[in-house]
Structure formats: structure tokens, C-alpha cells
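Small disclaimer: the values here were computed from a predicted structure and weren't measured.
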Amino acid sequence: MEARLNLLANPFAGKLFKHFNAAGKVIGESTLPAATQELVKIRASQINGCGFCTDMHTKDALDAGETQTRLNMVAVWREATVFSDAERAALELAEDGTRIADAAGGVPDEVWANAAKHYDEDQLAALVALIALINAYNRANVIVRQPAGDYVPGMFG
């Protein structure tokens with residue numbers, strides 16, 4: 001499979017994604033736990049059918065010490081016993097935030113309240129920004145049909 005547009009080589013895309021990457025760096029430096037950040041990126045990418053981001057973030061998570069068992073369970077987190085209550089709240093918010101077009105009224109108050117029980121305001125802001133950013137990356141990659149499978153941790157940084 002070949003991408004419709006090479007986002008990595010296009011000068012305009014490079015300029016644009018430089019800003020996306022800067023936003024990602026700010027989120028990465030937040031107090032939102034790194035493991036939670038990767039789980040959220042993986043779950044949103046799965047929902048959006050973004051093979052490139054699913055490949056990248058599962059490999060990055062493994063490289064950072066995440067277990068294969070937990071990665072295997074992300075898609076079925078509701079039935080899995082390997083996630084903390086805080087991680088489950090973040091995954092639920094990520095799912096509802098990713099599927100926003102499917103829900104009349106957006107993210108339910110109960111979902112937000114559950115996340116707010118586990119995360120402070122800065123972490124919630126980081127979580128909201130992370131969900132928005134990974135969805136933007138996913139959409140760009142899905143639109144151009146970015147191939148997946150060749151990512152190597154650290155290759156972009």
C-alpha cells in the first residue's frame with residue numbers, strides 16, 4: 001500500500017505537523033501519566049482505524065515498558081482487569097471524545113465526572129488536548145491511507 005500523499009516529505013505538511021508535534025510535546029510533559037497517554041492514543045487510533053498510529057503507539061508503549069498483556073486488552077478495556085480505575089476513566093473519555101459525532105450531545109456528564117474524580121484540572125486539560133490531537137493525527141493518516149507496520153520507536157524524534 002502506498003500513501004495518497006507523502007505527509008512526511010511534503011513541505012506544507014511538514015510545517016503544519018511541526019506545530020502538531022509541539023502540542024504533543026507539551027502534552028507529553030504534563031503530569032498526565034505517560035502510560036495513560038499511550039493507552040488513550042492507542043484506543044482512539046483503534047476506533048478510528050488508523051493503522052499507522054496504532055502501530056506507532058503500541059510499539060512506543062512497549063519500548064517504554066508497557067506490558068503486552070495490557071496492550072492486548074486496550075480494545076476490550078471494559079472487560080479487562082489490568083487497568084486502574086483512573087486509566088479506565090481516561091479510556092472511557094477517549095472513546096466518547098473520539099466518537100463525538102455518534103453521540104447526540106457529545107461526552108456525557110457522567111463520563112466527564114468519572115474522569116474528574118481521577119485527574120486534576122491540568123491533567124484533564126492534557127487529556128482533552130491529547131484526545132483532540134490523536135484524533136487529528138488519525139484523521140490525516142486515514143485520509144491519505146498512510147501505510148502501517150514499519151514504525152520503529154524513536155524514528156521521529
Which heavy atom in [X] sits nearest to a heavy atom in [Y], and how many Å separate them?
| X | Y | result |
| --- | --- | --- |
| Leu71 | Ala61 | CD2-CB, 3.9 Å |
| Ser30 | Ala126 | OG-CB, 3.5 Å |
| Pro147 | Phe52 | O-CD1, 3.1 Å |
| Leu32 | Gln123 | N-CG, 3.9 Å |
| Asn114 | Ala89 | ND2-CB, 3.6 Å |

For this session: Verify side chain to side chain contact (heavy atoms under 4.5 Å, CB included) between Gln146 and Cys53, making sure each step is shown before the conclusion.
Result: CA-CA 9 Å; Gln146 186 64 40; Cys53 289; over 6 Å; no
Could you tabulate the donor-acceptor pairs under 3.5 Å formed by side-chain atoms of residues 104-112, not counting sequence neighbours?
none

For this session: Can you spot which of Thr58, Thr54, Asn138 makes a side-chain hydrogen bond (donor to acceptor under 3.5 Å, both in side chains) with Ser45?
Result: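 Of the listed options, the one satisfying the test is Asn138.
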Exercise. Do Tyr137 and Asn21 have side-chain N/O donor and acceptor atoms under 3.5 Å apart?
Worked result: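 Yes, because at least one side-chain N or O of Tyr137 sits under 3.5 Å from a partner of the opposite role on Asn21.
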Exercise. By side chain to side chain donor-acceptor pair (under 3.5 Å), which residues pair with Tyr151, not counting sequence neighbours?
Worked result: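 For Tyr151, the residues satisfying side chain to side chain donor-acceptor pair (under 3.5 Å) (neighbours in sequence not counted) are Asp60.
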Exercise. Residues two or more places apart in sequence or in another chain: which of them pass side chain to side chain donor-acceptor pair (under 3.5 Å) with Glu79?
Worked result: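 Counting only residues at least two positions away or on another chain, Glu79 forms no side chain to side chain donor-acceptor pair (under 3.5 Å).
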Are [X] and [Y] in one and the same hydrophobic cluster, where Ile, Leu, Val, Met, Phe, Trp and Tyr link if side-chain heavy atoms are under 4.5 Å apart?
| X | Y | result |
| --- | --- | --- |
| Leu93 | Leu130 | yes |
| Tyr119 | Val26 | no |
| Leu5 | Phe17 | yes |
| Leu124 | Leu91 | no |
| Leu62 | Trp77 | yes |

Exercise. Using links of under 4.5 Å between side-chain heavy atoms of ILVMFWY residues, direct or through other members, which residues join Ile100 in one cluster?
Worked result: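 Cluster partners of Ile100: none, it stands alone.
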Exercise. Above 12 or not: heavy atoms from other molecules or residues under 6.0 Å from CZ of Arg99?
Worked result: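 Counting other residues, nucleotides and ligands, CZ of Arg99 exceeds 12 neighbours.
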Problem set entry | Residues which pass salt bridge (charged side-chain N to carboxylate O under 4.0 Å, His left out) with Arg70, listed by chain and number, not counting sequence neighbours |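 If we apply the salt bridge (charged side-chain N to carboxylate O under 4.0 Å, His left out) test to Arg70, skipping adjacent residues, the hits are Glu66, Glu87.
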Problem set entry | All salt bridge (charged side-chain N to carboxylate O under 4.0 Å, His left out) counterparts of Lys25, not counting sequence neighbours |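 Result, salt bridge (charged side-chain N to carboxylate O under 4.0 Å, His left out) vs Lys25: Glu29.
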Exercise. Should Lys59 and Asp63 count as an ion pair when the cut-off is N to O under 4.0 Å?
Worked result: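 So Lys59 does not pair with Asp63 through a salt bridge.
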For this session: Test Leu8 against Phe156 for side chain to side chain contact (heavy atoms under 4.5 Å, CB included), laying out the working first.
Result: CA-CA 10 Å; Leu8 301 176; Phe156 294 127; 4.0 Å; yes
Exercise. When rounded to the nearest 0.5 angstrom, what distance separates NE2 in His57 from CZ in Arg43?
Worked result: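 That separation rounds to 14.5 Å.
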Problem set entry | Asp85/Lys117 under side chain to side chain contact (heavy atoms under 4.5 Å, CB included): CA gap, chis, key distance, verdict | CA-CA 10 Å; Asp85 288 344; Lys117 282 193 278 187; over 6 Å; no
Exercise. Where the side chain of Arg145 meets the backbone of Glu2, is there a donor-acceptor pair that is under 3.5 Å apart?
Worked result: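 Absent.
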For this session: Any chance you could lay out the side chain to side chain contact (heavy atoms under 4.5 Å, CB included) test for Val74 and Phe83, step after step, and finish with the verdict?
Result: CA-CA 9 Å; Val74 171; Phe83 301 109; 4.2 Å; yes
